[in-house]
Colleague: 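Please see the structure below; I have some questions.
All chains are named by letter (A, B, ...) in the order of the sequence lines, taking the proteins before the strands, and each is independently numbered beginning at 1.
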Amino acid sequence: MIDVTLESVSKRFPRAGDTAAVDDVDLRIGAGEFFTLLGPSGCGKTTTLRMVAGFYFPSSGRIRFGAEDVTNRPPNKRDTGMVFQNYALFPHLSVAQNVAYGLKIRKVGRAESTRRIEEALGQVHLAGYGDRRIDQLSGGQQQRVALARALVIRPRTLLLDEPLSNLDAKLREETRVEIRRIQKDSGTTALYVTHDQAEAMAMSDRIAVMESGRVRQVGTPQEIYHRPATAFVARFIGRSNVLDLPVVAADAERVTVALPGGWEVPVAAPADHGLAAGATALVSVRPEHIALTSATAEGALTGRVTELEFTGMATNLLVDVAGEPVQVAAIDVPAGLGVGDQVGLRLPPERMWVVGA
Amino acid sequence: MSTIPATPSAATVPPVTDDPTPPSRPRSRRPALNANSRWFPYLLVFPLALVLFGYVVQPMLATFGESVGVDGPANWASFLTGDGVARSALVTSLLISAASVLLCGVVGVAMAFLLKRFSFPGRRLIEAIILVPAALPPLIGAISFQLLYSETGILPRALQQLFGTENPVLPFSGIAGVLVVHTFTMYPFFYLATSAALVGMDPSVEEAAYNLGAGRVRVWRTVLLPMLTPALVSASLLVFMTSLASYTAPLLFGVDQTMTMQIYINRTNGDLPMASTYASVLAVVSVLFLLGMRWYEGRRSYRSQSKGVASHRRELTNPFARWLALLASLLAVVVLLAPVATIALVAFSLDGSWTTEVIPSGYTTQNFVTIFSDPDAYRPILNSLQMSLLATVGCVVVGVLIAYAVRRLDFRGRGLLDVAVMLAWALPGTVVAINLISAFSTGNAFSFGQVLIGTFWIMPLAYFVRFLPLVFRSSSATLAQLDPSLEEAARNLGASWWRAFGTVTLRLMLPGVLAGALLAFVNGVGEFVASVLIYTSETAPISVEINNRMYSFEVGTAAAYGMLQVALIFVVMVISGRLETGGRASREATKWTA
């Protein structure tokens with residue numbers, strides 16, 4: 001078990017001009033932690049992972065495994081185990097030979113090697129599959145062989161590059177539980193890359209949300225969901241309404257904002273919000289936290305329903321509040337509610353949160 | 001006649017990864033040869049670039065230097081002014097090439113449509129043997145057509161006897177003869193490109209046009225033809241280049257006024273500067289075509305990715321049409337196999353027993369005994385095998401590394417390296433020979449100060465230059481289908497660059513490399529065009545010996561040598577077919593289980 005540190009790591013590609021693929025990233029991944037880099041495609045998460053693996057070298061900054069500086073160390077000297085997006089299994093080798101590849105390079109003895117291969121294949125529920133050819137396995141099985149191959153060398157860090165993106169939806173959910181279990185059992189520090197926020201939330205100890213090469217927020221799934229740092233994070237993780245609201249008063253923990261219709265509510269804010277009366281605050285509120293009520297209810301915003309979509313568990317509404325579209329996810333909807341009807345929306349101040357731009 | 005590339009053009013194979021980030025240039029502060037050093041690509045590429053410069057580019061420049069050296073202005077003026085031989089040779093060459101494109105286009109596209117769109121008796125057999133005439137080595141191929149269709153050929157004489165006329169009926173001679181050879185040996189460029197396009201085409205696109213109310217002609221004009229255009233254009237360029245480089249057909253049918261023949265004639269008359277001028281002009285035209293081709297291939301091609309309904313063949317139902325189809329198939333089979341059959345027949349004929357008869361009158365197995373037992377006759381076989389093997393080893397080492405560098409490494413000048421290899425492919429064999437003569441008739445740094453002309457080494461060097469692109473192309477095509485993350489996975493598991501390259505990348509490239517190497521080897525054994533300009537009596541290869549025997553009317557012995565080349569080619573074709581079906585089989589398996 002070892003912790004991984006990135007100190008103001010940047011990566012510029014020679015042909016890509018001045019824009020940095022990864023821009024001044026600072027991260028500290030604790031020993032044994034399951035840490036996820038989450039972001040839309042092109043945000044720099046895979047580039048960051050590949051710098052940790054040693055396939056790219058940072059343009060500036062340092063990468064450390066524990067106290068050891070590995071910034072410019074070639075990939076084969078890093079002792080990381082990587083699971084590739086398309087598994088990258090060697091098609092000319094059997095399952096067991098694939099798993100054995102890293103052991104051979106480490107000159108592990110035959111008996112020890114056989115034992116560890118069996119153990120690793122057992123761990124991923126593929127005991128007895130050692131002699132199979134790679135092309136005789138299903139996608140899910142190939143994925144597990146890739147995991148076994150990465151784990152059998154007892155790597156200092158497990159690196160996973162969107163390992164579930166080639167699996168179908170049901171298998172994806174099964175496998176993410178498996179990966180998490182195996183990672184916990186082995187106690188290996190894991191760095192996981194995905195663009196799927198549900199996957200990230202379900203698996204991770206902590207998540208770093210990236211956008212345009214920068215880390216926008218690092219935190220536990222709960223922190224990121226309930227206390228998004230920026231409007232981007234609020235919208236990327238689940239769905240969110242980010243409202244522009246005038247600030248009436250502000251102190252260190254709270255900002256009082258005026259809702260359309262004149263209601264004033266105190267909203268929790270991060271300590272460094274830097275807002276004062278007269279400024280405009282960005283306030284995030286999740287659709288499922290907004291309650292539907294009658295249009296005339298005390299303290300409620302009134303609006304007109306412009307879209308209505310029944311999804312089974314909930315009904316998604318788009319409500320026009322003084323020209324501003326507000327998303328609402330309601331479990332209970334008054335019978336007969338339709339597009340064009342007036343409704344009241346009750347925003348819960350304790351669920352609202354001031355975000356950065 | 002050059003060789004059909006082993007794989008559909010590498011440039012149309014889509015890259016495997018869709019990693020949006022560009023490849024990095026690894027950096028490290030460690031000195032020495034380290035695969036992660038920023039200098040590593042250059043350390044690997046530098047010797048390769050040196051080889052290409054020394055044996056491809058520099059000789060070409062030497063030829064140009066030779067052409068402007070003595071009588072330079074006069075040499076070049078003869079192309080630009082007047083109605084001299086030079087001018088008319090250029091025009092004739094271009095006209096023959098244009099006519100070849102037209103003829104090959106008609107035959108190749110028609111064959112592709114018949115075989116890929118219709119189902120009729122004999123179709124499978126024809127598909128199996130359709131590439132046979134084109135697979136023959138250039139000299140023996142052209143000889144077989146001469147034996148079949150010229151004034152003294154089997155068919156005109158048979159028709160003469162059949163109709164009792166005074167002269168042979170329908171003999172091909174001169175430019176018509178050249179065009180027959182070109183059509184038979186080059187239509188596969190069109191056939192292969194068109195059938196690949198037809199097979200790769202999503203039939204629902206055509207169905208959509210019918211569904212929207214278009215008639216058959218309209219569908220052809222507005223859907224099929226536009227979708228085939230990329231295939232047709234690149235096939236046209238290939239046929240044009242190959243015709244321009246064609247040397248054996250004009251030689252055998254006595255068309256002296258072509259570029260390649262003029263190079264040969266001037267060289268044998270000792271006028272190297274004039275030969276060099278012809279070679280330079282031909283090189284410039286070939287390079288222009290190469291660049292045109294690369295530019296065209298770089299554009300989008302219509303390749304549909306849909307895996308919906310598989311295209312189906314139309315069954316012929318009309319009984320009359322079925323009989324007609326059967327008859328036509330039989331005729332096609334006979335025509336396709338006739339060249340090989342002729343060589344085989346003549347190989348068993350008694351030398352001198354064939355004068356005015358339709359086919360030779362006396363038969364013997366002595367020809368084969370002679371070429372294997374008589375030391376003088378045996379020598380060319382040994383020469384060819386030895387020189388070809390040497391060249392192939394060179395082609396594999398250099399070709400595989402260049403393919404790796406071009407596909408997998410990021411360095412300045414990558415495009416140049418790629419162009420330099422393909423330059424070797426675009427240059428006609430005649431030009432390659434003149435280039436080597438110009439460069440190595442005095443010692444230079446690339447020959448370690450030795451004069452290579454008149455030695456053994458010039459021959460394998462010429463083969464190396466001519467057939468390097470074959471190994472490069474097939475290696476590069478296999479590499480394009482290999483996911484780069486396989487090598488990364490090996491590196492991640494602790495393998496050094498060399499180990500990862502050896503145990504994963506090279507190992508997986510092996511079928512492609514082997515196919516390319518076999519192709520280079522048989523092409524070396526069949527080589528004639530460059531050899532005839534640079535051989536010595538000590539180093540005469542099989543094809544030159546065939547040519548000499550033909551001149552001394554030992555047709556039977558010549559054909560016996562030819563049969564050796566043909567047999568070797570068929571062995572190699574079978575092995576390559578195995579390599580390919582092996583690869584395809586495992587791909588199929590992946591598709592079904594994944």
Colleague: Is any side-chain heavy atom of Ser165(A) closer than 4.5 Å to a side-chain heavy atom of Gln85(A)?
Modeller: yes

Colleague: Pick one of side chain, backbone, both or neither for Phe84(A), based on which atoms fall under 4.5 Å of a heavy atom in chain B.
Modeller: side chain

Colleague: Regarding Tyr192(A) and Glu199(A), is there a side-chain donor-to-acceptor distance under 3.5 Å anywhere?
Modeller: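 Side-chain D/A pair, Tyr192(A) to Glu199(A): present.
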
Colleague: For chain B, find which of Gly44(A), Ala150(A), Ala53(A), Gly102(A) contributes the most heavy-atom pairs closer than 4.5 angstrom.
Modeller: Gly102(A)

Colleague: Could you look at Arg106(A) and say if it's the side chain, the backbone, both or neither that has a heavy atom under 4.5 Å from chain B?
Modeller: side chain

Colleague: Counting only heavy atoms closer than 4.5 Å, note whether Leu89(A) contacts chain B via side chain, backbone, both or neither.
Modeller: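 Looking at Leu89(A), just its backbone touches chain B.
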
Colleague: Is it the backbone or the side chain of Leu486(B) that comes under 4.5 Å from a heavy atom of chain A, or both, or neither?
Modeller: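 The answer is both parts of Leu486(B).
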
Colleague: Is it the case that the side chains of Asp69(A) and Thr71(A) hold a donor-acceptor pair, with the cut-off being a distance below 3.5 Å and no angle test?
Modeller: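 Result is yes, a qualifying pair exists.
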
Colleague: Would you say Asn98(A)'s side chain and Leu93(A)'s backbone share a donor-acceptor pair under 3.5 angstrom?
Modeller: yes

Colleague: In terms of heavy-atom pairs under 4.5 Å, which option from Ala146(A), Pro91(A), Pro155(A) contacts chain B the most?
Modeller: Pro91(A)

Colleague: Given 3.5 Å as the limit, does a donor-acceptor pair link the side chain of Thr189(A) with the main chain of Ile2(A), or not?
Modeller: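 Yes, Thr189(A) side chain to Ile2(A) backbone: donor-acceptor pair under 3.5 Å.
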
